[in-house]
A.B. asks: 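Please read through the structure below; I'll follow up with questions.
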Amino acid sequence: MSKVTLYYNPRCSKSRQTLDLLQERGIEPEIIEYLEDPPDAAQLDDLLQLLQLQPRDLMRKEEAEYAELGLDAPTLTREQLIQAMISHPRLIQRPIVVHGGRAALGRPPERVLEIL
C-alpha cells in the first residue's frame, strides 16, 4: 500500500479513533501533528483541493479564533482564509487522511476507509 498520511491532534478523540482504525487494518500512517507542524499555504491548498472543500468548510467555526478574527466576513479571500488556518492551526478540522492522491476528513472516522 502506498503511503498514508494522517493530520493528527493527539487531544482529539476523532483523531485517536482514526489512528486506531488505520492501525487495526495494519496501516501505520505518517503522522503529522499539525498543531506543532502546521501545513504551509501550498500544502493546505493541496489538501483543500483533494478534499474538494472551500477553506471555510475545513474550519472549526466554533473555535474562539474564528469569531475573534472575523473569519465569517464574506469579503475574505481564499488566500486570507488559508493564511488564518496557518496562523491558527486549531481552526483546521481534523483528522485528515491522505492516500493515493485522495484525502478524507475523518468525521466520522470510518469515512477515511473510502480512500484506502
A.B. asks: Using modelled atom types and a 3.5 Å cut-off, is there a donor and acceptor pairing between side-chain atoms of Lys61 and backbone atoms of Leu71?
C.D. replies: no
A.B. asks: Do Arg16 and Pro10 come within less than 4.5 Å of each other through their side chains, counting heavy atoms only?
C.D. replies: no
A.B. asks: If every non-hydrogen atom of Leu19 is compared with every non-hydrogen atom of Pro29, which pair is closest and at what distance?
C.D. replies: CD1-CG, 3.7 Å
A.B. asks: For side-chain contact (heavy atoms from CB on, under 4.5 Å), just list the numbers for Ile96 and Leu51, CA-CA rounded to whole Å, side-chain angles, deciding distance to a tenth of an Å, and then say yes or no.
C.D. replies: CA-CA 9 Å; Ile96 301 169; Leu51 290 164; 4.2 Å; yes
A.B. asks: Which atoms form the tightest heavy-atom contact between Leu76 and Gly70, and what is the distance?
C.D. replies: CD1-O, 3.6 Å
A.B. asks: Can you name the nearest heavy-atom pair linking Val112 to Leu116, along with the distance?
C.D. replies: O-CG, 3.6 Å
A.B. asks: Using the rule that Ile, Leu, Val, Met, Phe, Trp and Tyr join whenever any side-chain heavy atoms are under 4.5 Å apart, tell me whether Leu48 and Leu81 fall into a single cluster.
C.D. replies: yes
A.B. asks: So do the side chains of Asp46 and Gln43 get within less than 4.5 Å of each other, counting heavy atoms only?
C.D. replies: no
A.B. asks: State whether the side chain of Gln23 and the backbone N or O of Asp20 hold a donor-acceptor pair below 3.5 Å, judged by distance alone.
C.D. replies: no
A.B. asks: Taking the side chain as every heavy atom from C-beta outward, state whether Glu30 and Tyr7 have any atom pair closer than 4.5 Å.
C.D. replies: no
A.B. asks: For a quick test of reading the model, state the closest non-hydrogen atom pair linking Met59 to Gln93 and the distance between them.
C.D. replies: O-NE2, 3.8 Å
A.B. asks: Are Arg60 and Glu62 packed together at the side-chain level, in the sense that at least one heavy-atom pair is separated by less than 4.5 angstrom?
C.D. replies: yes
A.B. asks: Counting only heavy atoms from other residues, nucleotides and ligands, does the tally under 6.0 Å from CD of Glu36 exceed 12?
C.D. replies: no
A.B. asks: Considering residues at least two apart in sequence or located in another chain, which fulfil the salt bridge (charged side-chain N to carboxylate O under 4.0 Å, His left out) criterion with Asp45?
C.D. replies: Arg78
A.B. asks: Calculate, to the nearest 0.5 Å, the distance between atoms CD and CG belonging to Glu33 and Asn9 respectively.
C.D. replies: 7.5 Å
A.B. asks: Can you run down the salt bridge (Lys or Arg N to Asp or Glu O under 4.0 Å) pairs that involve residues 91-114, sequence neighbours left out, and say none if there aren't any?
C.D. replies: none
A.B. asks: His99 and Ser2: which non-hydrogen atoms are nearest, and at how many Å?
C.D. replies: CE1-OG, 3.0 Å
A.B. asks: Indicate the atoms forming the closest heavy-atom contact of Pro109 with Gln17, along with that distance.
C.D. replies: CG-OE1, 3.4 Å
A.B. asks: Can any side-chain N or O of Asp57 pair as donor or acceptor with the backbone N or O of Gln54 at less than 3.5 Å?
C.D. replies: yes
A.B. asks: Kindly indicate whether the side chain of Val98, heavy atoms from C-beta on, has any atom under 4.5 Å from the side chain of Leu47.
C.D. replies: yes
A.B. asks: Treating Ser15 as the side-chain partner and Tyr8 as the backbone partner, does any N or O pair qualify as donor plus acceptor under 3.5 Å?
C.D. replies: no
A.B. asks: Nearest 0.5 Å please: distance from the CG atom of Leu105 over to the NZ atom of Lys14.
C.D. replies: 11.0 Å
